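The structure appears right after this line, and notes come after that.
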Amino acid sequence: MEYNFKEIEKKWQEFWRAHNTFVAPNHSSKPKYYVLDMFPYPSGSGLHVGHPLGYIASDIYARYMRHRGYNVLHPMGFDAYGLPAEQYAIQTGTHPQITTYKNIDRYRVQLDKIGFSFDWSREVRTSDPHYYKWTQWTFIQLFEHWYSNKTNKAEPIAELIKTFAAEGNKGLDATCTECDIFSAGDWNSWNEQQQQEALMNYRLAYLSDTWVNWCPDLGTVLANDEVKDGLSERGGHPVERKLMKQWSLRITAYAQRLLDGLKELEWTESLLEIQKHWIGRSEGASVNFSIKGHDKVLEVFTTRPDTLWGATFMVLAPEHEWVEEITAPDKKDEVMAYVEMAKNRSERERVAEVKKISGVFTGAYGINPANGEEIPIWIADYVLMGYGTGAIMAVPAHDSRDFAFAKHFKIPIIQVVAKEGEQSSEPAGWDDSYDAKEGVMINSGFISGMPVKDAIRATIDKLEKDNIGFGSVNFRLRDAIFSRQRYWGEPFPVYYKDGMPYMLDVSELPLELPEVDKYLPTESGEPPLARAQNWVNKDGYPLETNTMPGFAGSSAYYYRYMDPNNDKEYFSKEANQYWQDVDLYIGGDEHASGHLIYARFWSMFLFDIGLACKEEPFKKLINQGKIQGRSNFVYRLQGSNTFVSLNLIKDYNTSPIHVDINMVDNDVLDQDAFRSWRPEFKDAEFILEDGKYICGWEIEKMSKSKHNVQNPDELIEKYGADTLRLYEMFLGPLEHHKPWDTKGIEGVFRFIRKLWRLYHDNDGTFMITDEDPNAAELKILHRTIKKIREDIERFSFNTAVSTFMICVNELSDLECRKKQILEPLAVLIAPYAPHIGEELWHQLGHENTLTYSAYPEWDGKYLVEESFLYPVSFNGKLRFKLEFPLDMSREEIEKAVLESEEAQRWLENKPPKKVIVVPKRIINVVI
RNA sequence: GCCCGGAUGGCGGAAUUGGUAGACGCGCUGGUCUCAAAAACCAGUUUCUUUUAGAAGUGCCGGUUCGACCCCGGCUCCGGGUACCA
């Protein structure tokens, strides 16, 4: 009987479920290991073969660690809030909960069929009130804390109130919204509302008027990481800028820690790089420029204070609050027109017009503090309100944007840095600015002659001494906008009294998502929750109508898995002490600037308030590559129903049409399937080559419209889950993006059957002997164990599959049926192909699962070689091979090589110049 | 533009520390078994040449080295991130 994967896989999946094989206890004497996958958003189209790639890898590792004696936490859950279910609700009226839960059920069935070793007793769903209770709880904690730069952590607002009452906010070093200095007297004289307003500037979750990315088509605001090229990441809808009252999280308080924390993480270089960029730390100085005729000082941030002498103008962002005030009366119309234009432009237009130079002169002048020169103040949209102070000193000689601007508007350009050993030249003649990171200062007063680095230091010292500036650091990272004007998300635990927001009491959580009649904004433009009946707190005050964004629920789900059914707290201290942090996290790199920043921030905050014992949640992270689609095409002869095979199309006028990849095998079209695919192709004719219709192909995104989606279900039906698991790993390195192609799956399927036949005769009878293995068999086994262990340790799963193939090929050649060889092999392969592993283990006479059996160890004594077959090269070119004992000395080998018959041919009686002998590697003769 | 990653047969890929380039698998070619097919098995498969052998060869050009897919310098192309971030 052949290997019956359908029966066997079903049997073991049921066994695992019935015996709770993968349930991990929170109390164990074993060491812990936490393997996490990025939990999926359950979309309506189910899993395609790209989704399980990372899950298979993590499952192999989780199973491997169980074999090695670890208590392995390997949970799975669902990111259950999200736009698609809500968009569907808007169209059909179906509650997003119904759609989402239906999709989750489908995902669960699909996941189970692949044989994952998840501990489903720990499943979380972000839309479940038992779960989001703690998302809301965290929000309250964020609201009740502020960030002290002195202690460098989050501190309770209650303490801050005491400080304000005793000494005002003067000496306070906090990360906060810019606000006026007030005294204890001021504070104590204020009413509740005034005090609350002052506190709002400090809270880590705060409500403020913010410039947001407003997406009219989705009817909501988006975070910076949800916007790409001026379009929404989901759906590609245009985004505009809008000033709105929104909740934000003061993630910028953690910018430096988020940056520093990266150092200890075992993440890929590219991921660390993306995060570094996103945080975007720049060192420089704040410099105050006074404005002629005003008693205001304009603060700018520059990374190059040394170039102060070259600052020939200043630029304000169009949204800068002083634009109107400083503009000269005769320039008002022009300036306001420009500001209006800049404000109304969509984000998309702004991005598209980046190269266009535009701006307007305000008629005002700033005073360059370096030399007392009056320099014009311009308004231009190349200066962004959100970075630094929204105002810059422009140094056209040494900044390309300033240079282009100065040339365009004919503003003077002064060179202040020259290359070491070079003379200055006339900047008016330059093609571009000289963005000098190194060089020597010129035309710069007391710093002239200094190298750039020293000049920066000296300038900052001088600025600080004169009290007109100071060394400062700026981050690109912005506070995270946390409000969404959508229905399907966590409700904020917030009510409003006299227009001021207050938190619900923790005992009132969870604040459950109310029912609404429609999932659309109200007629007056309020979010969908405004439609809810009685959306008020227990005292009748109105509740917040915004909901939280997608990243709220995914920012700490990895902690909740540690203690998922805890009703009293987020997770217990004991559970957290035991599981600590995620040892291995596998997921896509599309979350580099979103989820992975927010989750780290969230974790740091939970650390600060004493809940989590680790600051960084994800010790090691691997990005599995995306599986791309591989589309197939047929070529229709223009204006006909005739299709031309790929290699003949050059002779015809054809147009390509996507065909479903399920009716194509090795790029050969199943013509009958094609004819019955769609009515219009019923009478299709084909122009064939070698009697076959060959399809063209292209690598594209996997999508329904391109007919290139491959579901795992079909493949499991045909080949079984073990084959699918091995094949996905065999495709190539885990981290690589790669096109999906079923071409090679037959080979893996053959391998699985060949493995089965090692243990069974042609009739399917189990045939294992107790005979002692010979040296050759032991060598194969131990070499395989060694290589498999090394490969798993370095997450090289593709080469591990090859190694199994080599092992099975060799044992088949030897017709080895010995228990001492084949029993360890069954355990060895079980993490990869768990069903066949369990079945063989069972047939070998074991009653229980092999999940917790020790992983085989290799013993070097079986691998000792006595001799080595040396490749012998002449001038680096391989000529022949010679075998020598391993204990032979270099001198003896050299002598033997030179005396050998083959060598004589190449030496042609000339003495060699040099002979290199690298033991166990190579011999190279130089002539 | 800037930053990161990559390029190896017809295809996916291997070569872990500078030491036999192309493991393993697909595909293809030929064969065994069979009435036939499936399955399985065996042999071959980087390219070129004057084929018992030789030459070239890891995107291109150059360098270091006894020896380079691997290190260095300069390019080309592809993928990703980011983009008036002062």
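Keep in mind it's a predicted model, so treat the numbers as computed, not measured. Just so it is clear: chains get the letters A, B, ... in the order the sequence lines come, proteins before strands, and each one is counted from 1.
- Across every strand in view, B/A86 sits unpaired, with no contact that passes the Watson-Crick or G-U test at under 3.5 angstrom.
- Rounded to an integer number of Å, the gap from CD1 of A/Ile922 to C1' of B/A21 is 12 Å.
- The listed nucleotides are B/C11, B/C42, B/G19; the one nearest the side chain of A/Lys743 is B/C11.
- For A/Phe301, taking side-chain heavy atoms from C-beta onward, the closest of the listed nucleotides B/A86, B/G13, B/C24 is B/A86.
- A/Lys787 comes within 4.0 angstrom of a nucleotide base, judged by non-hydrogen atoms across all strands.
- B/G79 and B/U32: their C1' atoms are spaced 47 Å apart (whole Å).
- Look at A/Glu810 and A/Lys779 and you find no salt bridge, because none of the NZ, NE, NH1 or NH2 atoms lies under 4.0 Å from a carboxylate O.
- Under the Watson-Crick and G-U wobble criteria, each requiring two contacts below 3.5 Å, nucleotide B/A38 is left unpaired.
- Across the strands present, B/G73 finds its partner in B/C61; the criterion is a Watson-Crick or G-U wobble pair with both atom distances under 3.5 angstrom.
- Distance check on atom C1': B/A86 versus B/U17 gives 45 Å, rounded to whole Å.
- Picking from B/U20, B/A40, B/A86 the nucleotide with the shortest atom distance to the side chain of A/Arg753 gives B/A40.
- Note on A/Val918: a base of the nucleic acid sits closer than 4.0 angstrom, heavy atoms only.
- If you check every strand for non-hydrogen atoms under 4.0 Å, A/Lys877 touches sugar and phosphate atoms only.
- Counting only heavy atoms from C-beta on, A/Ile274 has its side chain closest to B/G81 among B/A23, B/G81, B/A86.
- Rounded to whole Å, the separation between the P atoms of B/C71 and B/G18 comes to 8 Å.
- Annotation: cation-pi geometry satisfied between A/Arg476 and A/Trp278 (NZ/CZ under 6.0 angstrom from ring centroid, within 45° of ring axis).
- Taking a pair to require two hydrogen-bonding distances under 3.5 Å in either a Watson-Crick or a G-U wobble arrangement, B/C24 pairs with B/G12.
- Within the 6.0 Å centre-distance limit, the rings of A/Phe313 and A/Phe405 are counted as a close aromatic pair.
- A/Asn924 comes within 4.0 angstrom of a base, heavy atoms only.
- Atom CH2 of A/Trp278 is separated from atom C1' of B/G80 by 15 Å (rounded to the nearest Å).
- Residue A/Arg750 contributes atom CZ, which lies 10 Å from atom C1' of B/G27 at whole-angstrom precision.
- As judged by a 4.0 angstrom heavy-atom cut-off over every strand, A/Lys913 is placed among residues making no nucleic acid contact.
- When both distances must be under 3.5 Å, the Watson-Crick or G-U wobble mate of B/G79 is B/C4.
- When the C1' atom is compared between B/U16 and B/A23, the two are found 14 Å apart, to the nearest whole Å.
- Closest contact between the side chain of A/Ser282 and the listed nucleotides B/A86, B/C3, B/A14 involves B/A86.
- Comparing B/G63 with B/A68, their C1' atoms are spaced 11 Å from each other, to the whole Å.
- The residue A/Asn798 sits close only to the backbone: its heavy atoms come under 4.0 Å of sugar-phosphate atoms, none of a base.
- When ring centroids are compared, A/Phe730 and A/Tyr727 stay outside the 6.0 Å threshold.
- No side-chain heavy atom of A/Leu265 sits under 4.5 Å from any side-chain heavy atom of A/Leu271.
- Within the shown strands, B/G54 is the pairing partner of B/C48 under the Watson-Crick or G-U definition, both distances less than 3.5 Å.
- Across all strands shown, A/Ile916 has heavy atoms under 4.0 Å from base atoms, whether or not it also approaches the sugar-phosphate.
- Residue A/Leu384 is classed as a base contact, given a heavy-atom separation below 4.0 Å to a base.
- Of the two residues near RNA chain B, A/Gly876 and A/Pro739, the one whose nearest nucleotide lies more 5' is A/Pro739.
- Dashed line: the shortest gap from a side-chain N or O of A/Thr799 to OP1 or OP2 of B/U16 is not under 4.0 Å.
- Look at CZ on A/Phe403: it is 16 Å from C1' on B/G1, rounded to the nearest Å.
- Distance from the side chain of A/Ile392 is smallest for B/A86 among the nucleotides B/U20, B/A86, B/A15.
- For the pair A/Asn224 CG and B/G81 P, the computed distance is 16 Å after rounding to whole Å.
- Rounded to a whole angstrom, the distance from the C1' atom of B/G6 to that of B/C70 is 14 Å.
- When rounded to the nearest whole Å, the span between CZ of A/Arg890 and P of B/G19 equals 15 Å.
- A salt bridge links A/Glu283 with A/Arg281: the distance from a Lys NZ or Arg NE/NH1/NH2 to an Asp or Glu carboxylate oxygen falls below 4.0 Å.
- Within the 4.0 angstrom heavy-atom criterion, only backbone atoms of the sugar-phosphate kind lie near A/Arg879; the bases stay farther away.
- Its glycosidic angle being within 90° of 0, B/G9 falls on the syn side.
- Residue contacts shown for A/Asn809 are limited to sugar-phosphate atoms, with no base heavy atom under 4.0 Å away.
- Across all strands shown, A/Lys356 has heavy atoms under 4.0 Å from base atoms, whether or not it also approaches the sugar-phosphate.
- In a base pair of the Watson-Crick type (N1 to N3 plus N6-O4 or O6-N4) or a G-U wobble (N1-O2 and O6-N3), with each distance short of 3.5 Å, B/C66 is matched with B/G19.
- On the P atoms, B/U47 is 14 Å away from B/G22, given to the nearest whole Å.
- Between A/Leu734 atom CG and B/G12 atom P there is a gap of 18 Å when expressed in whole angstrom units.
- Residue-level contact check: A/Ser796 touches neither bases nor backbone, having no heavy atom under 4.0 Å from any strand.
- Ranking B/A86, B/U82, B/G79 by closeness to the A/His737 side chain, first place goes to B/G79.
- The side chain of A/Arg757 places no N or O atom within less than 4.0 Å of a non-bridging phosphate oxygen (OP1 or OP2) of B/A40.
- OP1 or OP2 of B/A83 lies within a sub-4.0 Å distance of a side-chain N or O belonging to A/Arg476.
- No engagement by A/Glu269 is indicated, since no non-hydrogen atom pair under 4.0 Å with the nucleic acid exists.
- Counting heavy atoms from C-beta outward, A/Ile377 and A/Met314 have side chains that approach closer than 4.5 Å.
- For the pair A/Ser270 and A/Gly280, both in contact range of RNA chain B, the more 5′-proximal nearest nucleotide belongs to A/Ser270.
- B/A39 atom P lies 15 Å from atom NZ of A/Lys754, rounded to whole Å.
- Each of A/Thr302, A/Leu384, A/Val383, A/Asp399 was evaluated against A/Ile392; a single residue qualifies, A/Val383, per the side-chain contact (heavy atoms from CB on, under 4.5 Å) test.
- Ring geometry for A/Phe884 versus A/Tyr870: interplanar angle of 30 to 60°, hence tilted.
- Residue A/Val383 is classed as a base contact, given a heavy-atom separation below 4.0 Å to a base.
- Classified by interplanar angle (parallel below 30°, tilted 30° to 60°, perpendicular above 60°), the ring pair A/His320/A/Trp322 is perpendicular.
- The listed nucleotides are B/A23, B/G25, B/C3; the one nearest the side chain of A/Met805 is B/G25.
- Remark: the separation of the C1' atoms in B/U20 and B/A14 is 14 Å, to the nearest Å.
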